[in-house]
There are 2 protein chains.
Amino acid sequence: MQEFSRSLPMMLYRTLDAVMPRFRQIFSEFGLTEQQWRVLRVLWQHEQIAFRELADLTLISPPSLVGVVDRLTRSGLADRRRSDTDRRHVFVHATGKGAALESQVRPRVDKAYAELRGSVDTKTWNALIAGLEQISSIDEEAEEKTASRQVINE
Amino acid sequence: MQEFSRSLPMMLYRTLDAVMPRFRQIFSEFGLTEQQWRVLRVLWQHEQIAFRELADLTLISPPSLVGVVDRLTRSGLADRRRSDTDRRHVFVHATGKGAALESQVRPRVDKAYAELRGSVDTKTWNALIAGLEQISSIDEEAEEKTASRQVINE
DNA sequence: TGTTAATAGTTAATATATTAACTAAAGTGA
DNA sequence: TCACTTTAGTTAATATATTAACTATTAACA
């Protein structure tokens with residue numbers, strides 16, 4: 001069983017299981033889910049962003065992102081805007097309330113992240129990130145059409 | 001944004017997104033989901049296994065595992081057995097049909113895994129696995145009560 | 001031994017993930 | 001300009017994930 005237990009996918013899931021609870025704990029204190037946090041995290045750095053680009057940056061598939069944005073909208077933290085030049089496009093942006101959350105949540109999350117980072121020696125950490133980088137880009141050729149998708153900005 | 005995009009959690013998710021599709025493709029050819037595969041993968045090596053241990057080995061939480069085992073049961077691939085000594089315990093085991101799947105699916109999955117493994121140099125791969133191992137065991141102290149949970153075998 | 005605390009699995013409620021199908025809006029070329 | 005193809009976002013159907021109850025059984029102990 002050792003073999004299966006130590007396979008790359010299982011190690012990745014195990015690592016996420018070990019790392020994420022501390023962050024989710026913080027998110028929940030602000031009534032946010034992990035995905036909602038990811039969306040806000042991106043919105044805080046873009047006046048507005050194309051729906052598809054938001055999906056790419058948050059690693060949330062479009063079908064899932066629809067619901068996440070819906071719930072953020074209901075909570076009054078984000079909103080949608082239809083593009084005027086191409087009505088197929090949708091832009092998402094944080095509301096004042098959503099933007100205001102940044103100063104509350106980010107310090108907590110950044111601190112937790114720093115603690116996590118500090119619990120591992122730099123050499124191991126860098127090797128880990130480099131390895132993840134390399135494997136996640138293996139299929140980059142196949143993904144290139146996605147990457148080359150036009151970036152909308154109006 | 002680079003910082004967020006390259007954070008450990010995002011790198012872990014990105015890597016899973018890059019690695020899992022090839023396996024899910026195979027699973028789907030046999031009408032299996034990723035979680036169902038994980039359960040079968042464990043059942044193939046245990047005549048029967050305690051529900052909780054199955055949850056630990058597959059990294060599927062008990063509430064989720066209930067549904068996975070339900071569906072495997074409906075498909076005729078697995079089944080439940082109540083413990084006679086302690087009727088709170090449940091054992092899960094693969095049916096003949098479920099066991100027969102191993103010779104069909106595993107070769108395909110093992111081959112795909114070997115290809116994945118072969119696409120990265122050994123040094124990088126080992127460093128990656130070691131890093132994941134280290135980080136996933138950071139909270140091992142807190143998890144120890146879980147690890148020490150009694151292993152049932154009747 | 002009756003009562004209370006602890007366990008194992010399950011159910012509930014809500015949010016996501018994944019794949020396929022659909023709708024509206026552009027883009028294309030005859 | 002009309003039929004055909006693409007594209008962007010959304011909906012649908014089904015399977016999971018996550019946290020908080022709940023139920024059936026045991027274990028503990030006065």
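Below, chain A is the first sequence line, B the second, and so on; all start at residue 1. Note that this is a predicted model, so its numbers are computed, not measured.
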Pairs flagged by salt bridge (Lys or Arg N to Asp or Glu O under 4.0 Å) wherever residues 104-118 of chain A is involved - sequence neighbours left out:
A/Glu29-A/Arg108, A/Glu102-A/Arg106, A/Arg106-A/Asp110, A/Arg106-B/Glu3
For [X], which residues count as a side-chain contact (heavy atoms from CB on, under 4.5 Å) partner, sequence neighbours excluded?
X        : result
A/Asn126 : A/Thr122
B/Ser75  : B/Leu77
B/Ala55  : B/Pro62, B/Leu65
B/Ala112 : B/Phe23, B/Ile26

Please list, pair by pair, any protein nitrogen or oxygen found under 3.5 Å from a nitrogen or oxygen in nucleotides 10-14 of chain C.
| residue | atom | partner | partner atom | Å |
| --- | --- | --- | --- | --- |
| C/dT10 | OP1 | B/Arg80 | NE | 2.8 |

Can a side chain N or O of B/Gln35 be found less than 4.0 Å away from OP1 or OP2 on C/dA17?
no
Can a side chain N or O of A/Thr33 be found less than 4.0 Å away from OP1 or OP2 on D/dT18?
no
Expressed as a whole number of angstroms, how long is the span from A/Leu16:CG to D/dT18:C1'?
15 Å
Applying salt bridge (Lys or Arg N to Asp or Glu O under 4.0 Å) to A/Arg80 and not counting sequence neighbours gives A/Asp70
Sequence-distant partners of B/Glu133, salt bridge (Lys or Arg N to Asp or Glu O under 4.0 Å), two or more places apart:
A/Arg6
Close N or O pairs between protein and nucleotides 22-26 of chain D (under 3.5 Å):
| residue | atom | partner | partner atom | Å |
| --- | --- | --- | --- | --- |
| D/dT25 | O2 | B/Arg88 | NH1 | 3.4 |
| D/dT26 | OP1 | B/Arg87 | N | 2.6 |
| D/dT26 | O4' | B/Arg88 | NE | 3.4 |
| D/dT26 | O4' | B/Arg88 | NH1 | 3.3 |
| D/dT26 | O4' | B/Arg88 | NH2 | 3.3 |

